[in-house]
Amino acid sequence: MQKRLKSIGVFLVVAIFAAASLAGAEDADQALKKLMEGNDRYVGGSCMQRDLSDARRNELAKGQKPSAIVVTCSDSRVSPELLFDQSIGDVFVVRTAGNVVDKIALGSIEYAVEHLHAPLVYVLGHEKCGAVKATLDTIEAKGKPEGNIGAILEKIMPAAVAANVKGGSKDEIVENAIKENVKNTSNEIMAKSSIMQHLVHENKVKIAGGEYSLQTGKVEAIELAAEKVHHGGNGKKGH
Ligand SMILES: [Zn+2]
């Protein structure tokens, strides 16, 4: 009898664990769908009516449950709440020039996945990113950036170098560096956060990425290799 109870217990634990993992994956897919549908509304000029009432604020004051974490550039034209047509309480946002991550940004992401249970991390780069351009300019001029900007360019440098190696016109190189930089940021999030590795491995969190077009407003998906990092990959990008 005891043995049977024990096996039922094990079964329940496994079942609950599997259900939780599945729920996490579904939540992440839902969260991604929510962002993309919001972007479609934004592009189509049919943004939702935001509930910014006292009642909504009071409700959110009790606690937040954002459905996604968006890691994006500080650029004034790339406001994630607007371009994904989301409202207050919907997205947990980490913004740095060039959408790069340091320890503080990683800690912010970890807080949101672990304590707020956000199931999706979305890394969003954008067309004509000034930080990426500045990095390419620095390589060209063989110069050194002033002040703390150097810390940002250092993070973008591997993407800029890779884009230069790939070659093409100046615009193509900028564009490739922007895409590469999104991949690198997602790789770094996975490589430097054991909390993210753990949650992605358990299928509770997904990581996705894209690029925002300043002109059309559209977010186009970028294929990431980031999820493979925890399986022993070397963080190298797909293509
Ligand atoms: Zn930018």
Side-chain angles (χ1 to χ4, degrees), residues 32 35-36 38-39 42-43 66 68-86 90-109 112 120-141 143-166 168-192 207-226 237:
L32 186 58
L35 291 184
M36 292 311 145
N39 182 243
Y42 172 75
V43 172
I69 300 155
V70 179
V71 179
T72 192
C73 185
S74 305
D75 192 301
S76 61
R77 301 161 292 181
V78 190
S79 174
E81 286 89 346
L82 297 177
L83 66 92
F84 285 126
D85 193 27
Q86 302 296 303
D90 288 340
V91 280
F92 188 96
V93 180
V94 178
R95 291 181 81 170
T96 57
N99 39 272
V100 290
V101 288
D102 59 4
K103 267 181 174 284
I104 292 169
L106 289 170
S108 305
I109 295 166
L120 176 73
V121 177
Y122 197 91
V123 182
L124 182 69
H126 70 97
E127 188 191 8
K128 297 178 180 167
C129 182
V132 172
K133 278 187 179 175
T135 310
L136 288 162
D137 290 346
T138 304
I139 295 175
E140 204 175 305
K144 250 193 145 192
E146 283 178 19
N148 292 305
I149 294 175
I152 300 169
L153 303 201
E154 216 170 274
K155 290 273 183 188
I156 303 172
M157 198 55 83
V161 169
N164 264 332
V165 169
K166 200 172 175 188
S169 70
K170 199 165 180 183
D171 285 350
E172 281 167 349
I173 291 173
V174 172
E175 191 48 42
N176 286 333
I178 287 164
K179 287 192 168 63
E180 205 62 27
N181 187 45
V182 167
K183 293 177 191 175
N184 286 354
T185 294
S186 63
N187 285 338
E188 193 169 353
I189 292 169
M190 289 303 297
K192 293 190 178 163
I207 185 162
E211 183 185 353
Y212 173 70
S213 164
L214 293 179
Q215 274 161 357
T216 67
K218 184 96 193 113
V219 172
E220 298 283 356
I222 293 175
E223 207 182 312
L224 303 180
K237 285 70 59 193

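Counting starts at 1 for both ligands and their atoms, following the listed order.
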- Task: Walk me through it: do V123 and I222 pass the test side-chain contact (heavy atoms from CB on, under 4.5 Å)?
- Result: CA-CA 9 Å; V123 182; I222 293 175; over 6 Å; no
- salt bridge (charged side-chain N to carboxylate O under 4.0 Å, His left out) pairs touching residues 208-222, sequence neighbours excluded, are D40-K218, K179-E211
- If only atom types and distance count, is the side chain of R95 paired as donor or acceptor with the main-chain N or O of V78 below 3.5 Å? yes
- Query: Does Y212 have any side-chain hydrogen bond (donor to acceptor under 3.5 Å, both in side chains) partners at least two apart in sequence or in another chain, and if so, which?
  - Reply: Y42
- Sorted by chain and residue number, which protein N/O/S atoms are under 2.8 Å from the Zn ion (ligand 1)? C73 SG, H126 NE2, C129 SG
- Item | For T216, side-chain hydrogen bond (donor to acceptor under 3.5 Å, both in side chains) partners two or more places apart | S213
- Item | Salt bridge E180-K166, side-chain N to carboxylate O under 4.0 Å | no
